Number of protein chains: 2
Amino acid sequence: MLEAAIGKMRGGGYKATPQRTAVLRALAEEQHQSLEEIRARCPGVGLVTVYRTLDLLGELGIVRRLDLGDGARYEMAEDHHHHAICESCGDISEFEKCPLDPTLLPLEASDFEVRSHSLEVYGRCAACR
Amino acid sequence: MLEAAIGKMRGGGYKATPQRTAVLRALAEEQHQSLEEIRARCPGVGLVTVYRTLDLLGELGIVRRLDLGDGARYEMAEDHHHHAICESCGDISEFEKCPLDPTLLPLEASDFEVRSHSLEVYGRCAACR
DNA sequence: TCTGTAATTGAAAGAATTTTTCAATTAGCG
DNA sequence: CGCTAATTGAAAAATTCTTTCAATTACAGA
Ligand SMILES: [Mn+2]
Ligand SMILES: [Mn+2]
Ligand SMILES: [Zn+2]
Ligand SMILES: [Zn+2]
């Protein structure tokens, strides 16, 4: 799966440097990490390089940046999924089944071309109840 | 409508200062403003006071903070609604009809208590097509 | 209406986060 | 290998938000 991402980088004309692959490996270890969490997993890679790599991976569609309540978080952009955020402990869990009813989307009527969507559910997780 | 908000502030034991009502008036003029847009509508109110007022109004449930792609934006927290963001011109439009199918929410099963949700739709607006 | 006081304000300093710059290094092609 | 354009990262700058604290003020009670 890292191979695929590295291939995409090379295919885009970008070099597969040790720094870039280190950031990729860090991202593969856990979803929804903050910048500092990512950095902790690839010490030795400069701050600026981490930012630039995240940008690059974002443009390549490999990584997605999340803006949930607290600061920026990053995740490997795998299958379409959504997030359930616990307002008590901050835990972020994922779910794949998309509860959006496309026939209810009132936007097509108003000539808005829907390309994508993002849905976040807030509440309390099992552990916090 | 501003009266209602001012009443809520007084009711919460907070003073209705000219600065706070100026920020409220600024917010009432347009939805989804950035901090600097709000500030431009109430010159004379200090930066710190604007931040603090937005916090206060947020706690009172009068104002909501949005984290769409570009920086923080603020809106009067009126009825439940969602956002359609044009990826071309950045325009943010609202729609009230909620296309969420509650029976599809796979979270109850996993003991997650859903309190609220946020849904954003990205694409191209009528003008940009 | 006046006063006392706790709440509020805002200038300044500080913290946190992200971006720009640019000289030195290096991946990968030939 | 050797070349060169791409990449890196330390330092400085920009941006955004928070803390501090002395001065001001809203408003409850007299
Ligand atoms: Mn996720
Ligand atoms: Mn809105
Ligand atoms: Zn929890
Ligand atoms: Zn548009």
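Quick note on labels: first sequence line is chain A, next is B, and so on, each numbered from 1. Since we're looking at a predicted model, the values are computed, not measured.
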Without decimals, in angstroms, what is the distance between [X] [atom1] and [N] [atom2]?
X	N	atom1	atom2	answer
A:L47	D:dA14	CG	P	18 Å
B:Y14	C:dT9	OH	P	12 Å
A:M9	C:dA27	CE	C1'	11 Å
A:R65	C:dT17	CZ	P	12 Å
A:R39	D:dA10	CZ	C1'	12 Å
B:E36	D:dA14	CD	C1'	14 Å
A:Y51	C:dT21	OH	C1'	17 Å
B:D55	D:dT16	CG	P	17 Å

For A:G44 and for B:V48, locate the closest nucleotide of DNA chain D by heavy-atom distance; then report the residue assigned to the nucleotide nearer the 5' terminus.
->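 Going by which nucleotide is closer to the 5' end, it is A:G44.
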Is there a side-chain contact between [X] and the phosphate of [N], meaning an N or O under 4.0 Å from OP1 or OP2?
X	N	value
A:R52	D:dG9	no
B:T17	C:dA7	no
A:R20	D:dT8	yes
B:R10	D:dA26	no
A:Q19	C:dA27	no

Could you label the plane-to-plane angle of the A:H32 and A:H83 rings as parallel, tilted or perpendicular, counting under 30° as parallel and over 60° as perpendicular?
->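 Rings of A:H32 and A:H83: perpendicular, over 60°.
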Aromatic rings A:F95 and A:H82: how do their planes relate, parallel, tilted or perpendicular, breaks at 30° and 60°?
-> tilted
Options C:dA27, C:dT19, C:dG28, nucleotide nearest the side-chain atoms of A:P18 | C:dA27
Options C:dG10, C:dA6, D:dT8, nucleotide nearest the side-chain atoms of B:K15 = C:dA6
Taking the side chain as every heavy atom from C-beta outward, state whether B:F112 and B:V114 have any atom pair closer than 4.5 Å.
-> yes
The residue among A:Q31, A:K97, A:E94 that forms side chain to side chain donor-acceptor pair (under 3.5 Å) with A:H81 is A:E94
Check whether the ring centres of B:H117 and B:H80 lie less than 6.0 Å apart, and answer yes or no.
-> yes
